[in-house]
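Heads up: the structure comes next, in structure tokens.
For clarity, every value in this text was computed on a predicted model and none was experimentally measured.
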Amino acid sequence: MMRPYTPKDNVQAKAYYTDRFWVAPRVPEEPVPSEGLYAEDLEAVKAKHEVLKAYIQRGQLVIHINPEDNLKVLRVLKEERWYEMLSELSAVDFLAERGGFEVFYQILNLNTAKRIRVKCFVEQNRAIESVNPLYRSADWAEREMWDLMGVKVNNHPYLKRLIMPDDWEGHPLRKTYPLEGDEFAQWYEVDKIFGKEARDIIGPENRDPARVDRYDTERFARLGHEVPRGAPIEEVEEKETPIQYQEDEGVFMIEKFSADRSKVLDRRK
């Protein structure tokens, strides 16, 4: 039995279609034990700052805090509880559902091999404090978070785009960002190099790296039908070039490699 059709108008602006995508069940959340290392870590944080939620997930402690306390909480965990490595930092897009981003910090205690994930929710167009003074590994991670997600970081030593050009408009990893880019993305290189007046002559930029065009510049996409540069395609389109393989040389190289490897194995024995 087929399910009823639901219109998909403006689907990229509605990222949470429950009738279109399978939603994986959440990982079970277990209560934090009353004793042990994680209990002591949690008490150290609660003694100085507010904890919105805390639980154990897949054997790791997860702590939800207020976004304005991110640097202070991480300082407590590093200086008092010895979580001296920041292994990961990023954000998750919840714009359509909650109007903001969930920023998370994955930290590691090198003495006990225990990990804690610290989370905080940042509303859209709000900034969060940089943790670069505590963890140098946060430098490029925070730049990437700003570049691709649009989460601004205050007091970062050098907050500029990391992957996209400096004059790029928008943030490509937001779920509302067009999959093949908006008008700015499609015409970026044409406008930057030749100017907008060349749009009608050159055409929009192809931003799909997997696309194969049989009529590209050198006709490389048609194996056996390659065309000399600048030659009219009508003259040579149907003329097939025979494909030749250097079989003798290939066999020689394989035999030589096998012989050399056998000598190495014999020496090891």
Quick check: does any side chain N or O of [X] sit under 3.5 Å from a backbone N or O of [Y], one acting as donor and the other as acceptor?
{"X": "Gln106", "Y": "Leu89", "answer": "no"}
{"X": "Ser137", "Y": "Leu86", "answer": "yes"}
{"X": "Asn70", "Y": "Glu129", "answer": "yes"}

Exercise. Trp82 and Leu77: side chain to side chain contact (heavy atoms under 4.5 Å, CB included), yes or no, with the steps?
Worked result: CA-CA 6 Å; Trp82 312 288; Leu77 290 172; over 6 Å; no
Exercise. For Asn109 and Glu84, what are the C-alpha separation, side-chain angles and deciding distance, and is it a side chain to side chain donor-acceptor pair (under 3.5 Å)?
Worked result: CA-CA 6 Å; Asn109 187 326; Glu84 298 180 347; over 6 Å; no
Does anything in [range] pair up under salt bridge (Lys or Arg N to Asp or Glu O under 4.0 Å), and if so which pairs, sequence neighbours excluded?
{"range": "residues 144-154", "value": "Asp147-Arg161"}
{"range": "residues 38-60", "value": "Glu29-Lys53, Glu40-Arg81, Asp41-Arg81, Lys48-Glu80"}
{"range": "residues 105-116", "value": "none"}
{"range": "residues 60-76", "value": "Arg75-Glu79"}

Exercise. What pairs with Pro172 under side chain to side chain contact (heavy atoms under 4.5 Å, CB included), at least two apart in sequence or on another chain?
Worked result: Leu148, Met164, Trp168, Tyr177
Problem set entry | Under the side chain to side chain contact (heavy atoms under 4.5 Å, CB included) test, residues paired with Ala54 that sit two or more places apart | Val32, Leu42, Val51
For this session: Taking the side chain as every heavy atom from C-beta outward, state whether Phe104 and Ser90 have any pair of such atoms under 4.5 Å apart.
Result: yes
Exercise. Is there side-chain contact between Cys120 and Asn66, with at least one heavy-atom pair below 4.5 Å?
Worked result: no
Salt bridge (Lys or Arg N to Asp or Glu O under 4.0 Å) partners for [X], two or more places apart:
{"X": "Asp191", "value": "Arg199"}
{"X": "Lys78", "value": "none"}
{"X": "Arg117", "value": "none"}
{"X": "Arg136", "value": "none"}

For this session: State which residues pass side-chain hydrogen bond (donor to acceptor under 3.5 Å, both in side chains) with His156; sequence neighbours excluded, sorted by chain then number.
Result: Asp139
Problem set entry | Which residues share a side-chain hydrogen bond (donor to acceptor under 3.5 Å, both in side chains) with Asp167, sequence neighbours left out | Tyr188, Lys192
For this session: Measure from the ring center of His64 to the ring center of Phe121 and say whether it is less than 6.0 Å.
Result: no
Exercise. Can you check side chain to side chain contact (heavy atoms under 4.5 Å, CB included) on Val118 and Leu74, steps first, answer last?
Worked result: CA-CA 8 Å; Val118 179; Leu74 291 177; 4.0 Å; yes
